[in-house]
Amino acid sequence: MDLLTNLSLFIRIVEKGGLAAAGRDFGFSPASVSERVSALEDHYGARLLTRTTRAISLTDEGRTLLDGARQLVSEATDLRSQVRHGADHLSGRIRISATFDLGRHRIDPIINAFIEQHPDIEIDFLLSDGYVDLVGQGIDLAVRYGKLSDSSLKRRKLGDIHRFACTAPSYIAKHGEPQTPADLVDHNCLVMRFGDQPEQEWPFTIDGKKQMVQVRGNRTTNEGALIRQWAAEGYGICMKSHWDLEEDVKAGRLVPILTDFAPPTNDLQLVYAAGRSMPKRVRCLMDAISAYFADSKVSREPLDHFAISQNNS
């Protein structure tokens, strides 16, 4: 059992990026954490971590152990739960990632209901609009828009994404409404940044084909929720998914524009690492997320849904 504890600690060290932070999660002193890492290295006969005063990094042997340790600890957790509580009982930690807007407004309620149903589940929820290394960060599953950049990952489609340009009624009153994507050159567009790359080309359907239109503006951020907030406050025009826009459009804070030029749909999907045994708790959470989007009241024609919602408000 002490080996399993040390493996769990080793995983947390990598996830937290430091020995002291991982030790606090386990209630271990820094000296105890160092001793346990040394015990692991003695047990496996290899150096696992390279430590400096500022950071730690994995050796090649450490990377090999990390993947195996995650599987061993996960299987041990499942086995303990089944023995103690029966095969249908779920317990243990799930690491899940999603974008800020989607995570807060769509995934968080699913997680809350899931924990209420399975109180021994622990959720580690990472919100990020940028690239996330699922394998390196030990993330069990992620909810993501668009195509996969990593072909080694597996996916489960949740639904279609409809993206629209939107802005506040106050912005339209002050600056007018663009009638074609080309008119955006004269408007303030709120730009998302993914890593080092700002998204300064927006997709539209022009003459029946998808075309990218250059945009610019005086506000850029790496958080989609802030983009939406800026747009609702009248600072400019945003390009967002209907999953993110629904509440603001229903409330009249945002108005879809250039709807005749909306880009083709894309995929909303669950993404997870291939080749790894998936614990039952993770499969059940994936099923709960899939069921939510399958049963969602958001119409497959979201503009019609928005219009109905506004007329009824």
Cluster check [X], [Y]: I/L/V/M/F/W/Y, side chain < 4.5 angstrom:
X    : Y    : value
I13  : F26  : yes
F261 : V185 : no
V282 : L158 : yes
F125 : I94  : yes
Y171 : L184 : yes

Side chain of [X], backbone of [Y]: donor and acceptor closer than 3.5 Å?
X    : Y    : value
Q179 : E177 : yes
T167 : G236 : yes
K240 : G224 : yes
T59  : G62  : yes
D140 : R95  : yes
S8   : L4   : yes
D183 : T180 : yes

Minimum-distance pair of heavy atoms, taken over all atoms of [X] and [Y]:
X    : Y    : value
C166 : V249 : SG-CG2, 4.4 Å
A168 : A231 : CB-O, 3.2 Å
G176 : H187 : O-CE1, 3.3 Å
I107 : A98  : CG1-CB, 4.3 Å
R104 : P109 : O-CD, 4.0 Å
V255 : P169 : CG2-CG, 3.8 Å

Can you tell me how far apart [atom1] ([X]) and [atom2] ([Y]) are? Round to the nearest 0.5 Å.
X    : Y    : atom1 : atom2 : value
W202 : C238 : CH2   : SG    : 6.5 Å
L141 : R155 : CG    : CZ    : 14.5 Å
I110 : I115 : CD1   : CD1   : 12.5 Å
E233 : L254 : CD    : CG    : 10.5 Å
E247 : D101 : CD    : CG    : 11.0 Å
I139 : D124 : CD1   : CG    : 8.5 Å

Between the side chains of [Y] and [X], is the shortest nitrogen-to-carboxylate-oxygen separation below 4.0 Å, so that they form an ion pair?
X    : Y    : result
D244 : R163 : no
K157 : D267 : yes
R193 : D129 : no
R93  : E15  : yes

4.5 Å side-chain heavy-atom contact, [X] and [Y]:
X    : Y    : answer
K280 : C284 : yes
I237 : I257 : yes
F10  : V37  : no
L285 : I96  : yes
P263 : Q211 : no
P264 : T205 : yes
L40  : L9   : no
T5   : R36  : yes

Test H118 against R281 for side chain to side chain contact (heavy atoms under 4.5 Å, CB included), laying out the working first. CA-CA 9 Å; H118 306 286; R281 61 182 178 274; over 6 Å; no

Establish, from distance only, whether the side-chain atoms of N188 and N218 form a donor-acceptor pair under 3.5 Å. yes

Given L270 and I289, is the side chain to side chain contact (heavy atoms under 4.5 Å, CB included) satisfied, shown in steps? CA-CA 9 Å; L270 279 170; I289 294 171; 4.1 Å; yes

For R216, look at atom CZ and say whether over 12 heavy atoms of other residues, nucleotides or ligands are found less than 6.0 Å away. no

For E201, look at atom CD and say whether over 12 heavy atoms of other residues, nucleotides or ligands are found less than 6.0 Å away. yes

Side-chain cluster (under 4.5 Å, hydrophobic types only) that L226 belongs to, other residues: L190, M192, F194, I227, W230, Y235

Sequence neighbours left out, cut at 3.5 Å: what donor-acceptor pairs do the side chains of residues 43-50 make with other protein atoms?
| unit_1 | atom_1 | unit_2 | atom_2 | d |
| --- | --- | --- | --- | --- |
| R47 | NE | L49 | O | 3.2 |

R156/S290 under side-chain hydrogen bond (donor to acceptor under 3.5 Å, both in side chains): CA gap, chis, key distance, verdict: CA-CA 9 Å; R156 181 195 292 187; S290 297; 2.9 Å; yes

Can you check side chain to side chain contact (heavy atoms under 4.5 Å, CB included) on T99 and V143, steps first, answer last? CA-CA 7 Å; T99 58; V143 186; over 6 Å; no

Measuring centre to centre across the rings, with the benzene-like ring taken for any Trp, is F293 within less than 6.0 Å of W243? yes

As a quick check of understanding, evaluate salt bridge (Lys or Arg N to Asp or Glu O under 4.0 Å) for R12 and D25, giving each step before the final call. CA-CA 8 Å; R12 196 66 57 87; D25 286 357; 3.1 Å; yes

With R106 as the cation and Y292 as the aromatic partner, state whether NZ or CZ is under 6.0 Å from the six-membered ring centre and within 45° of the axis. no

Indicate the ring-plane relationship of H162 and F164, choosing parallel, tilted or perpendicular according to the 30° and 60° boundaries. parallel

